[in-house]
Amino acid sequence: LTWVFENGCPLKDEHCREGNWFLRTLSPVKDSIDARTTAVLVVSKDITENKKAEQLLVENEKKYRTMFEFFPQTIVLIDKNGKILDVNERINEWLGYKPSEILEMNLFSVPFFTKESKKIVKKNFSKMLLNKMIPPYEIEILTKRDEKRDGVVYTTPLRNEQKEIIADLMVISDITK
């Protein structure tokens, strides 16, 4: 309150009282003659439900991030243009690539698909965008040290509330013998 009086500027803050959260807006009321602050208008809105929803989102993000990172297979999340949005740490353990090395790359320009595998992945990615079911399929992959590995790919489209495809979730299991 004092700050708004002294500075003549509005202020917003969140505060908790007795377990309920409030968004408080403090607005200066100025004298029409000399424009000095003569009063402060305080508007308070209960945002407890918003805070609970926010906390739930944070907890869910932590839970799903933990599952994503500790999943035993390589997981790659790709947008519908082929850009890699996320990849778990298994890529490093399996192929020697750090997630940061391939993050935001185009799926079809990553260095680990063989020429033949790139064709197969591209064909199946296109089918997925056309709402076709993609059964698991095998590909050959190269590690950072140029060693060949075999993988089986499971893929599923991710959809928004309007049922439009927004991304592809690709899980690759190492089946190298």
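Keep in mind the model is a prediction, meaning the values are calculated, not measured.
In summary, the side chains of D168 and T155 do present a donor paired with an acceptor at a separation below 3.5 Å, with no hydrogens or angles considered.
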request  = Apply salt bridge (Lys or Arg N to Asp or Glu O under 4.0 Å) to E59 and K62, showing your working.
outcome  = CA-CA 5 Å; E59 289 169 10; K62 283 181 189 175; over 6 Å; no
task = For the pair V87 and I75, evaluate side-chain contact (heavy atoms from CB on, under 4.5 Å) and give the outcome as yes or no after the intermediate values.
result = CA-CA 6 Å; V87 61; I75 301 175; over 6 Å; no
request  = Check the pair F125, F108 against ring pair (Phe, Tyr, Trp, His ring centres under 6.0 Å), reporting the backbone distance first and the verdict last.
outcome  = CA-CA 10 Å; F125 187 79; F108 312 116; 5.5 Å; yes
task = List the steps and the verdict of salt bridge (Lys or Arg N to Asp or Glu O under 4.0 Å) for K63 and E61.
result = CA-CA 5 Å; K63 178 173 62 177; E61 168 62 25; over 6 Å; no
ask   = Does the pair K98 and E101 meet the rule for a salt bridge (Lys or Arg N to Asp or Glu O under 4.0 Å), with working shown?
value = CA-CA 5 Å; K98 293 179 184 171; E101 291 179 89; 6.0 Å; no
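Under a 3.5 Å cut-off, the side chain of N160 and the backbone N or O of E164 do form a donor-acceptor pair. E104 places no side-chain N or O within donor-acceptor distance of the main-chain N or O of L85, the cut-off being under 3.5 Å. For S117 (side chain) and E140 (main-chain N/O), a donor-acceptor pair under 3.5 Å exists by modelled atom type. Formation of a donor-acceptor pair under 3.5 Å by the R149 side chain with backbone atoms of T143 is not found in this model. Here the side chain of D34 pairs a donor or acceptor atom with the backbone of R36 at under 3.5 angstrom. A distance-only check finds a donor-acceptor pair linking the side chain of R90 to the backbone of F71 [under 3.5 Å].
In this structure, the side chains of C16 and F22 stay at 4.5 Å or more apart for every pair of heavy atoms. Taking the side chain as every heavy atom from C-beta outward, T114 and L142 approach each other to under 4.5 Å. Using a 4.5 Å cut-off on side-chain heavy atoms (C-beta onward), T37 and V29 make no contact. Under the 4.5 Å side-chain criterion, counting only non-hydrogen atoms from C-beta, K132 is not in contact with M128. Side chains of L41 and L26 form no contact here, defined as non-hydrogen atoms less than 4.5 Å apart. Looking at heavy atoms from C-beta onward, D150 lies out of side-chain contact with K177 at the 4.5 angstrom threshold. Proximity of K30 to T38: side-chain heavy atoms (C-beta onward) are nowhere separated by under 4.5 Å. Looking only at side-chain heavy atoms (C-beta outward), V121 and M170 come within less than 4.5 Å of each other.
To the nearest 0.5 Å, the span separating OG1 on T25 from NZ on K12 amounts to 4.5 Å. Note that NE2 of H15 and CD1 of I47 are 9.0 Å apart. Values are rounded to the nearest 0.5 Å. From W94, atom CH2 reaches atom OG of S173 across 8.0 Å, with rounding to the nearest 0.5 Å. Between F112 atom CZ and I172 atom CD1 the span is 6.0 Å, to the nearest 0.5 Å. Separation of atoms CE (M105) and CD1 (I84) is listed at 7.0 Å; rounding is to 0.5 Å. Rounded to the nearest 0.5 Å, atoms CD1 (I91) and OG (S100) are 11.5 Å apart.
One hydrophobic cluster, built from ILVMFWY side chains closer than 4.5 Å, holds both W3 and L1. Linking Ile, Leu, Val, Met, Phe, Trp and Tyr whenever their side-chain heavy atoms come within less than 4.5 Å leaves I134 and Y154 in two separate clusters. L103 and I141 fall within the same hydrophobic cluster, where Ile, Leu, Val, Met, Phe, Trp and Tyr residues are linked whenever their side-chain heavy atoms come under 4.5 Å apart, directly or through other members. Note: the hydrophobic cluster containing V171 also contains F68 (ILVMFWY, side chain heavy atoms under 4.5 Å, direct or indirect links). When hydrophobic clusters are built by joining Ile, Leu, Val, Met, Phe, Trp and Tyr residues whose side-chain heavy atoms come closer than 4.5 Å, directly or via intermediates, V42 is grouped together with F5.
Applying the side chain to side chain donor-acceptor pair (under 3.5 Å) test to every pair with at least one member in residues 78-87, sequence neighbours left out, gives these pairs: R65-D86.
Scanning both residues, P136 and V152, for their nearest heavy atoms gives CB-CG2, 4.0 Å. Summarising the geometry of L77 relative to A167, their closest heavy-atom pair is CD1-CB, 3.9 Å, with the distance given to 0.1 Å. Shown here for P28 and C9, the closest heavy-atom pair between the two residues is CD-C, 3.8 Å.
Open room surrounds CD on E161; 12 or fewer heavy atoms of other groups in view lie less than 6.0 Å from it. Within 6.0 Å of atom NZ in K144, more than 12 heavy atoms from other residues, nucleotides or ligands are found, so the atom counts as buried in its surroundings.
Among residues two or more places apart in sequence or in another chain, the salt bridge (charged side-chain N to carboxylate O under 4.0 Å, His left out) test is passed with D146 by none.
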